[in-house]
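Please read the structure below before turning to the comments.
Every chain is numbered from 1 and lettered A, B, ... according to where its sequence line falls, protein lines coming before strand lines.
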Amino acid sequence: MKINGVKGMNDILPAQVGRWQEIERVARDVFALHGYREVRTPVVEPYALYARGVGEATDIVNKEMYVFEDKGEEKLALRPEGTAGTVRAFIEHGAYVEGPQKWFYVGPMFRRERPQKGRYRQFHQLGVEAFGIAEPAIDVEQIAMVAELFRRLSVTASLQVNSVGDAACRPAYLEELRAWLRAHGGALCSDCRERTERNPLRVLDCKVPTCQPVLAEAPGLLERLCDGCRTHFDAVRQGLEDLGVPYRVNPRLVRGLDYYVRTAYEFTSDALGSQSAVVGGGRYDGLVETLGGPPTPGIGFGMGEERLALILEAAGRPVAENRPEVFLISADDVGRREVLRRAAALRRAGIACDLDARGGKLARQFKQAERVGARFAIVLGAAEAASGQAKLKDMATREETPVVLADLAGRLRPAAGA
RNA sequence: GUGAGUGUAGCUCAAUCGGUAGAGCACUGGACUGUGGAUCCGGGGGUCGUGGGUUCGAACCCCAUCACUCACCCCA
């Protein structure tokens, strides 16, 4: 009986994993350059963390989360996003006493949705959270950090920013919007009428053609921001302009999680099909308090690693592979012992090398050398062991040059990072 | 949760009117007794997604079912 992987949960095979490693390496570098430090939190958290943090009414919590009872003791959930768990850890360990904190995380998230291009049940996010800074400067720095990360990866994505208001101005706006939508319900699609009650901001995003002209007349939040939100938003925009980060204001941009206030932003790419967002972020000034910590402002983003990989793939970027510098080929029984000894010595010197442990015909071993992408090959047997000399063959040019075996390590290039 | 499309070798795909399954790549062996990529010759590999139905006969037609893909919804 063949057993297949779980729907929407994918294997990342060796031929592709270089893409993930490259993304993570570049991201770690960029995060570190901006003062972010890594945090690792569990993949499982109490269900209540998400119910309270992300919001009971959100799709993520009420229909997409993997929830289970731990032997009847506690209701747990596989994390559907990274912010809630990070905030939990921030509070639990009293990190707020040490002033502003900038953290990042990398890892799998789980949502039980119907899979499609760029959307999976297990997916990977790189995310950052900055705690304790209410000033718009951190919003700007964080957004610019994403831009720098994309620049280093040669990824083009477009930035949209918005302000979703805060406790001072959003509730009043939502009521005004809801009342307006109810009054115009007759002209709207059934989805919109339903969303009017559940999530009125989403209505503005409706893609049904007949709704668009109606919604164009709807009241806009940006014109109704309170002074604090307006000042903040203006400063974010000014900061982006100062840094030369191109952006577009999208008053329809809404984040799906309840905790967002003020700044909301998204980086999108047209290489992704329908799920076009590769980064989604925003400010969550009330979340730490909601989860039992002291009032602490925060802002962060989540970046979809699969989506980033899709963009790189669509751009035709090759996958970086780790290749051995040299492949040791055995010509006879003496050679079979010799290659193991020489390989051990080379590896101690930091030189990546490989051999065909099956031994066998030279032709087969050369084929294996080619398959693993070795830059050089060297044949070792009784003759080489006796003379201490061998021929180092360049696999690309097929040229052979004599080498003294004792000097072999010096002739080859140490592996990166060795 | 809803809709559409697609399921044939490890991968990408053919198979005319319904006549009992093929190619390329990959793998493997040989041509080539100390040398890989090219060329040539050979070999292994199939429950035609699964179950049922129609038919003398089904990869092909019908029904059901499962899986995958894309889209809606929502989002990274």
Side-chain angles (χ1 to χ4, degrees), chain A residues 2 4-8 10 13 15 23 54 57-64 79-83 106-127 146 157 189-192 194-195 198-199 202 205-208 253-257 260 264-269 272-282 300-311 327 329-332 334-335 356 360-384 390-400:
Chain A
K2 190 172 84 168
N4 290 110
V6 177
K7 182 203 288 279
N10 303 124
L13 297 174
I23 290 168
V54 176
T58 60
D59 281 2
I60 288 176
V61 169
N62 79 68
K63 47 192 231 200
E64 296 172 3
R79 62 182 184 193
E81 56 94 51
T83 298
V106 181
M109 307 293 164
F110 303 86
R111 292 183 200 170
R112 198 180 182 292
E113 304 177 82
R114 282 283 279 269
Q116 70 187 71
K117 187 179 175 92
R119 193 176 73 180
Y120 311 100
R121 290 183 172 186
Q122 173 175 331
F123 59 103
H124 298 79
Q125 278 192 357
L126 303 131
V146 178
C189 68
S190 56
D191 274 354
C192 282
E194 194 183 312
R195 273 183 296 217
R198 200 163 40 89
N199 192 350
R202 277 272 164 232
D205 243 351
C206 184
K207 295 176 189 82
V208 175
L253 180 66
V254 175
R255 311 264 67 241
L257 289 58
Y260 284 109
Y265 62 96
E266 207 165 84
F267 284 81
T268 60
S269 162
L272 290 173
S274 166
Q275 308 302 318
S276 59
V278 61
V279 170
F301 66 72
M303 179 159 61
E305 207 169 348
E306 280 80 0
R307 292 184 182 177
L308 208 39
L310 280 172
I311 294 171
F327 198 93
I329 289 171
S330 56
D332 51 33
V334 174
D356 189 338
K361 302 178 61 164
L362 290 193
R364 186 172 76 177
Q365 295 187 58
F366 268 98
K367 202 159 188 182
Q368 186 65 14
E370 191 202 344
R371 207 175 350 232
V372 300
R375 289 178 175 81
F376 296 97
I378 189 164
V379 176
L380 300 179
E384 287 78 8
K391 288 175 290 183
L392 185 64
K393 179 167 184 174
D394 184 311
M395 290 295 284
T397 65
R398 293 183 139 180
E399 275 170 34
E400 295 189 317

Rounded to whole angstrom units, what separation is found between the [atom1] atom of [X] and the [atom2] atom of [N]?
{"X": "A:D59", "N": "B:rC73", "atom1": "CG", "atom2": "C1'", "result": "8 Å"}
{"X": "A:Y120", "N": "B:rC68", "atom1": "OH", "atom2": "C1'", "result": "13 Å"}
{"X": "A:N4", "N": "B:rC68", "atom1": "CG", "atom2": "P", "result": "8 Å"}
{"X": "A:L126", "N": "B:rA76", "atom1": "CG", "atom2": "P", "result": "14 Å"}
{"X": "A:N10", "N": "B:rA67", "atom1": "CG", "atom2": "C1'", "result": "14 Å"}
{"X": "A:Q368", "N": "B:rU35", "atom1": "CD", "atom2": "C1'", "result": "15 Å"}
{"X": "A:D356", "N": "B:rC27", "atom1": "CG", "atom2": "P", "result": "14 Å"}
{"X": "A:K7", "N": "B:rU69", "atom1": "NZ", "atom2": "P", "result": "8 Å"}

Looking only at the side chain of [X] (C-beta and beyond, no hydrogens), which of the listed nucleotides [options] gets closest?
{"X": "A:L257", "options": "B:rU35, B:rA76, B:rA71", "result": "B:rA76"}
{"X": "A:E113", "options": "B:rC74, B:rU28, B:rU35", "result": "B:rC74"}
{"X": "A:R307", "options": "B:rC72, B:rA76, B:rC70", "result": "B:rA76"}
{"X": "A:Q275", "options": "B:rA71, B:rG30, B:rC74", "result": "B:rC74"}

| message | Can a donor-acceptor pair be found, under 3.5 Å and without considering hydrogens, that links the side chain of A:R375 to the backbone of A:D394? | response |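 Judged by distance alone, no pair lies under 3.5 Å.
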| query | Are the side chain of A:R307 and the backbone N or O of A:G118 linked by a donor-acceptor pair below 3.5 Å? | reply |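 A pair under 3.5 Å: yes.
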Considering only atom [atom1], compute the distance from [N] to [M] and round it to an integer number of Å.
{"N": "B:rG57", "M": "B:rC17", "atom1": "C1'", "answer": "14 Å"}
{"N": "B:rU69", "M": "B:rA38", "atom1": "C1'", "answer": "38 Å"}
{"N": "B:rG7", "M": "B:rC61", "atom1": "P", "answer": "10 Å"}
{"N": "B:rA76", "M": "B:rG46", "atom1": "P", "answer": "46 Å"}
{"N": "B:rA14", "M": "B:rU55", "atom1": "P", "answer": "31 Å"}
{"N": "B:rG22", "M": "B:rC27", "atom1": "P", "answer": "23 Å"}
{"N": "B:rG45", "M": "B:rU33", "atom1": "P", "answer": "27 Å"}
{"N": "B:rG42", "M": "B:rC25", "atom1": "P", "answer": "14 Å"}

| Any side-chain heavy-atom pair from A:Q368 and A:V372 closer than 4.5 angstrom? |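 They are in contact (side-chain heavy atoms under 4.5 Å apart), so the answer is yes.
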| task | Given side-chain contact (heavy atoms from CB on, under 4.5 Å), test A:K117 with A:Q275 step by step and report yes or no. | result | CA-CA 7 Å; A:K117 187 179 175 92; A:Q275 308 302 318; over 6 Å; no
Which atom pair, heavy atoms only, marks the closest approach of [X] to [Y]?
{"X": "A:F327", "Y": "A:A374", "value": "CB-CB, 3.7 Å"}
{"X": "A:I60", "Y": "A:L257", "value": "CD1-CD1, 3.6 Å"}
{"X": "A:G8", "Y": "A:P115", "value": "CA-CG, 3.9 Å"}
{"X": "A:N62", "Y": "A:A57", "value": "ND2-O, 3.0 Å"}
{"X": "A:R255", "Y": "A:G281", "value": "CD-O, 3.2 Å"}

Indicate, yes or no, whether a donor-acceptor pair under 3.5 Å links the base of [N] to the side chain of [X].
{"X": "A:Q365", "N": "B:rU35", "value": "no"}
{"X": "A:Q116", "N": "B:rC73", "value": "yes"}
{"X": "A:R255", "N": "B:rC74", "value": "no"}

| said: Nearest heavy atom decides the nucleotide; on that basis, is A:L272 or A:E400 closer to the 5' end of RNA chain B? | reply: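 This one resolves to A:E400.
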| task | Would you kindly compare A:G304 and A:G8 by the position of their nearest RNA chain B nucleotide and give the one closer to the 5′ end? | result |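 With A:G304 and A:G8 compared, the 5'-side residue is A:G8.
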So [X], base contact, sugar-phosphate only, or nothing? Heavy-atom distance under 4.0 Å.
{"X": "A:E384", "answer": "base"}
{"X": "A:A383", "answer": "base"}
{"X": "A:G273", "answer": "sugar-phosphate"}

| So what does the secondary structure string of RNA chain B come out as, 5' to 3', with Watson-Crick or wobble pairs under 3.5 angstrom, [ ] for crossing and | for pairs with another strand? | (((((((..((((.....[..)))).(((((.......))))).....(((((..]....))))))))))))....
| Does A:K391 pair with A:E384 as a salt bridge, N-O distance under 4.0 Å? |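 A:E384 and A:K391: not salt-bridged.
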| said: With side-chain contact (heavy atoms from CB on, under 4.5 Å) as the criterion, how do A:R112 and A:F110 come out once you've worked through the C-alpha distance, each side chain's angles and the decisive distance to 0.1 Å? | reply: CA-CA 7 Å; A:R112 198 180 182 292; A:F110 303 86; over 6 Å; no
Can you tabulate the close N/O pairs, meaning under 3.5 Å, that link protein atoms to atoms of nucleotides 36-38 of chain B?
from	atom 1	to	atom 2	distance (Å)
B:rG36	O2'	A:E370	OE1	2.6
B:rG36	N7	A:K393	NZ	3.1
B:rG36	O6	A:K393	NZ	3.4
B:rG36	O6	A:R398	NE	3.3
B:rG36	N1	A:M395	O	2.4
B:rG36	N2	A:M395	O	2.8
B:rG37	O4'	A:E370	OE1	3.4
B:rG37	O4'	A:E370	OE2	3.3
B:rG37	N7	A:R398	NE	2.9
B:rG37	N7	A:R398	NH2	2.4
B:rG37	O6	A:M395	O	3.3
B:rG37	O6	A:R398	NE	2.9
B:rG37	N1	A:M395	O	3.2

| task | For the pair A:E306 and A:H124, evaluate side-chain contact (heavy atoms from CB on, under 4.5 Å) and give the outcome as yes or no after the intermediate values. | result | CA-CA 7 Å; A:E306 280 80 0; A:H124 298 79; 2.7 Å; yes
| Is the distance from OP1 or OP2 of B:rC72 to the nearest side-chain N or O of A:S274 less than 4.0 Å? |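 Looking at the OP1 and OP2 atoms of B:rC72, one of them is under 4.0 Å from a side-chain N or O of A:S274.
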| field | Phosphate-side-chain proximity, A:R371 and B:rU28, N/O vs OP1/OP2 below 4.0 Å | value |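 Yes, such a contact exists.
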| Criterion salt bridge (Lys or Arg N to Asp or Glu O under 4.0 Å) on A:E81 and A:R111, from CA distance to verdict | CA-CA 9 Å; A:E81 56 94 51; A:R111 292 183 200 170; over 6 Å; no
| request: Kindly determine whether A:R119 and A:R114 satisfy side-chain contact (heavy atoms from CB on, under 4.5 Å), including the steps that lead there. | output: CA-CA 8 Å; A:R119 193 176 73 180; A:R114 282 283 279 269; 3.8 Å; yes
Short heteroatom pairs, N/O only, protein and nucleotides 3-11 of chain B, under 3.5 Å:
from	atom 1	to	atom 2	distance (Å)
B:rG3	O6	A:R114	NH2	3.2

